[in-house]
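Okay, structure first, notes after.
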Amino acid sequence: MVSKLSTRLLNICIASYCKVRQLDRAESIICDAIRLGVLPNTVTYNTLIDGYSRLVSFEAAYSLLHRMSEASINPTVITYNSLIAGATRNCLVLKSLELFDEMLQRGIAPDIWSFNTLMHCFFKVGKPEEAYQVFRDIIHHDLSPCPATFNIMINGLCKNGYMSNALMLFRSLQRHGFVPQLITYNILINELCKAGRLKAASRMLKELAASGYVPNCITYTTIMKCCFRSRRFEQGLEIWQEMCDKGYTFDGFAYCTIAGALIKCGRINEATCYMDQMRRNGIEHDLASYNTLIHMYCKEGKLEAAYELLDEIEGVGLECDEYTHTILIDGLCKIGNIEGAQRHIKHMNVMGFSSPSVALNCVVDGLGKAGKIDHALQMFESMETRDSFTYSSLVHNLCNARRYRCASKLLLSCLNNGMKILRSAQRAVINGLGHSGFHKEARQLKLKIRLARMVHC
DNA sequence: CTAGGGTTAG
C-alpha cells in the first residue's frame, strides 16, 4: 500500500518536473525513489516518454522503450499512443505508422486514440486521403469514434483546404445527433475568421452561446486575433478588456497575440507592458513567446538585446527555429545591416534550414530599400521559390528607383504565374509609367493585368 | 492525446 502510494507520488513529481521542463530533476527523483525501494511503473515511463518527446526529441522518447524492457515493465497502449503523438508532433508520419505496426506485433490493441493520433498525423503532413482512410478504419474496426475523432477530422479538413467539406461534415454530424463541443466551435470560428468569412464566424459564435457554452480563453484569443488581422486594433483591445472584466486568466497564447499585434503597429510600449505582465503572472516563456520578445526588440532596433535573448533561449534548453532566425534577419535588414543579414542566412543554411524563403524575402526587400536594386534583382534570380511577398516588395522597390518597365515585367510574370500581388504595388507601376510619360505602356499594363486576372481567377 | 499565439511586401 505504502509503495503504491509512493509510486503515485513519484509519478506526480515526474509529471510536475516535465511540465516545468526539468527532465534532469525528474530523472534524479527516479534514482532516489529506486534507492528508497519505490519502483517506477508504466505510468512513470509513459509520463517520461511524453516529456522527452516534447522537450528533447522523438528519438530520446523512443529510447525509453529499451529502458522499460530492462526494468521489465511492459508498454501499454498509452505508451504507444504517447510515442505516436510524439512522432506526429515532429511530422514523422512513417514513424507513426511503424509504431502502429510495432504495437500490433506486440499484441497491444490500438484504441480510438491510437487511430485519432494517426489520423491527425496524416492531416498534419498534408495527406488528407490517408487521414480519411484511417477514419474509415475506425468505423471498420468497430471502434466507436469519440468527439475528438470528429474534431480532428473537421480541423484536418480545414487545414488541408477543405473547409466546405468540413462544414458539411459538421452539419451532417449534427443531424445525426453529434453534439459539438466547445473545441469544435473554436476550430470552426478560427477557420472562418482566417478565411475572412466574418459573418459566418459570428453566426458560429452565436450558435456556440445558444448551445449553452461560455466562450473560453481560446475563443476570445481567436476573435481577438481576427480583429487584429483585419486591422481593427481598438476592437481587439476591447475584447481583451472584456476578458479582463470577466475575470479570465490569460495564458501565453493570449499575451503573445496581443503583444504581436501591438508590435506590428509600432506600439512597443504597450507590447512591453503585456509581455512584462505575462512574466509577472508566472507564465514560462516558450519558443513562440521568446520569438515575440525578439521581434519586439528588433522593432525597436535593439539588436544586442535580441541577440542576448538568443543565449537565454539556449540556456533554458530550447532550440531556436526558423521564426527566430527570420525575425533576426529581418531586424538586421531593417537597421540597414544587410551584410549581417546575409551572414545570418548562410548561418541558417549551415544549420540545415533548407530554403529559408521568408528570410530571403526580407533580404531582397532590405537590398531594395538600401538602394541596391540590382543586387536585389540578382538575388531574386537565384531564388528557388518566389512568392507574392518577393514580387510585391521588389516591384515597390523598382518603382522607388523609377525602373517602371522592369517593375511592369515582374508584375506581369507574377500574375501570370497565378500569384497575387499587392494592389499598392500594381498602382505604383501604373502610376509610375503614366507620370513618366509612358501613357501607352500604362494602358497596356492595365489591360494585361485584367487579362491575367481573368485567366487566374 | 483534438482548438487559439511567434517571421517578410504596403
Side-chain angles (χ1 to χ4, degrees), chain A residues 46 50 53-54 78 80-86 88-89 111-121 123-124 146-156 158-159 181-191 193-194 215-226 228 250-261 263-264 278 285-296 298 321-331 333-334 356-366 368-369 387-397 420-428:
Chain A
N46 289 347
D50 190 58
S53 93
R54 280 174 199 277
I78 297 173
Y80 274 94
N81 286 352
S82 290
L83 285 168
I84 296 172
T88 298
R89 218 172 288 123
D111 64 7
I112 183 63
W113 271 106
S114 322
F115 284 93
N116 284 351
T117 313
L118 192 62
M119 184 166 79
H120 181 216
C121 189
F123 274 129
K124 200 175 170 190
C146 62
T149 313
F150 299 123
N151 293 337
I152 293 169
M153 192 71 190
I154 290 169
N155 185 44
C158 289
K159 293 284 180 330
Q181 298 178 302
L182 180 55
I183 177 170
T184 324
Y185 284 112
N186 283 347
I187 291 168
L188 288 170
I189 290 169
N190 181 43
E191 295 300 331
C193 283
K194 277 204 299 197
N216 65 3
C217 173
I218 295 180
T219 322
Y220 272 100
T221 312
T222 304
I223 296 165
M224 197 164 70
K225 173 85 184 166
C226 178
F228 293 140
F250 306 103
D251 57 13
F253 280 72
Y255 279 111
C256 288
T257 303
I258 195 158
I263 294 165
K264 275 215 175 85
M278 174 178 164
H285 280 307
D286 61 9
L287 191 58
S289 61
Y290 272 119
N291 286 342
T292 306
L293 281 174
I294 292 178
H295 188 203
M296 200 164 81
C298 285
D321 66 356
E322 200 169 326
Y323 281 93
T324 323
H325 295 296
T326 307
I327 293 164
L328 278 167
I329 287 166
D330 184 52
C333 289
K334 291 281 178 358
S357 52
V358 177
L360 290 172
N361 282 345
C362 295
V363 176
V364 168
D365 187 60
K369 288 223 168 59
D387 60 16
S388 93
F389 279 84
T390 330
Y391 281 98
S392 296
S393 144
L394 203 49
V395 166
H396 262 294
N397 284 319
K420 285 185 174 17
I421 186 162
L422 275 186
R423 289 290 169 130
S424 63
Q426 303 179 24
R427 273 197 308 273

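So that the names make sense, note that chain A is the first sequence line, chain B the second, and so on, each numbered from 1.
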(message) Is it the case that the base of dG5(B) and the side chain of D286(A) share a donor-acceptor contact (distance under 3.5 Å, atom types as modelled)?
(response) yes
(request) Classify the nucleic acid contact of I152(A) as base, sugar-phosphate or nothing, counting any heavy atom under 4.0 Å across all strands shown. (result) sugar-phosphate
(message) When you measure from the side-chain N and O atoms of K369(A) to the phosphate of dT8(B), is any distance below 4.0 Å, counting only OP1 and OP2?
(response) no
(request) Determine the minimum heavy-atom distance between E322(A) and P356(A), stating which atoms define it. (result) OE2-CA, 4.0 Å
(request) Select one nucleotide: of dT7(B), dG5(B), dG10(B), the one nearest the side-chain heavy atoms of L422(A). (result) dG10(B)
(request) With the side chain of H120(A) defined as its heavy atoms from C-beta on, choose the nearest nucleotide among dG5(B), dT8(B), dT2(B). (result) dT2(B)
(message) So for D251(A) and dG4(B), does any side-chain atom that can act as donor or acceptor lie under 3.5 Å from a complementary atom in the base?
(response) yes
(message) The side chain of S289(A) is closest to which nucleotide in this list: dT8(B), dG5(B), dG4(B)?
(response) dG5(B)
(request) Give the nucleotide from the list dC1(B), dG4(B), dT8(B) with an atom nearest to the side chain of C217(A). (result) dG4(B)
(message) So I223(A), base contact, sugar-phosphate only, or nothing? Heavy-atom distance under 4.0 Å.
(response) nothing
(message) Under 4.0 Å, heavy atoms only, any strand: does N397(A) hit a base, just the sugar-phosphate, or nothing?
(response) nothing
(message) My understanding is that only residues two or more places apart in sequence, or in another chain, count here; which of them pass side-chain contact (heavy atoms from CB on, under 4.5 Å) with T257(A)?
(response) T221(A), M224(A), K225(A), F228(A)
(request) Go through dT8(B), dG4(B), dT2(B) for me and flag the one nearest to the N190(A) side chain. (result) dG4(B)
(message) Counting only side-chain nitrogens and oxygens, does K159(A) get under 4.0 Å of the OP1 or OP2 atom of dG4(B)?
(response) yes
(message) If the condition is side-chain contact (heavy atoms from CB on, under 4.5 Å), which residues does H285(A) pass it with, not counting sequence neighbours?
(response) M275(A), M278(A), R279(A), S289(A), Y290(A), L293(A)
(request) Verify the distance criterion only: is there a donor paired with an acceptor across the side chains of N155(A) and N190(A) at less than 3.5 Å? (result) no
(message) Just to verify, which of T292(A), I294(A), V358(A) counts as forming a side chain to side chain contact (heavy atoms under 4.5 Å, CB included) with I327(A)?
(response) I294(A)
(message) With a 4.0 Å limit, can you tell me whether K334(A) has a side-chain N or O closer than that to the phosphate oxygens OP1/OP2 of dA9(B)?
(response) yes
(message) Quick check on dG4(B): is either OP1 or OP2 less than 4.0 Å from any side-chain nitrogen or oxygen of N186(A)?
(response) no
(request) Quickly work out the K264(A) NZ to dG10(B) C1' distance and round it to whole Å. (result) 13 Å
(message) I need the NZ-P distance between K225(A) and dA3(B), as an integer number of Å.
(response) 17 Å
(request) For the side chain of S388(A), starting at C-beta, report the closest nucleotide among dA3(B), dA9(B), dT7(B). (result) dA9(B)
(request) Can you figure out which of dT7(B), dA9(B), dT2(B) approaches the side chain of Y323(A) most closely? (result) dT7(B)
(request) Tell me which nucleotide among dG4(B), dT2(B), dA9(B) gets nearest to the side chain of I183(A). (result) dT2(B)
(request) Test for a donor-acceptor pair under 3.5 Å between the base of dA9(B) and the side chain of D387(A), counting only N and O atoms. (result) no
(request) Fill in the dot-bracket string of DNA chain B, one character per base: . for unpaired, | for a pair to another strand, ( ) or [ ] for pairs within the strand, taking Watson-Crick or G-U pairs under 3.5 Å. (result) ..........
(message) At 4.0 Å (heavy atoms only), tell me whether I187(A) reaches a base, stays on the sugar-phosphate, or touches nothing.
(response) sugar-phosphate
(message) Between H396(A) and dA9(B), is there a contact of a side-chain N or O with OP1 or OP2 at under 4.0 Å?
(response) no
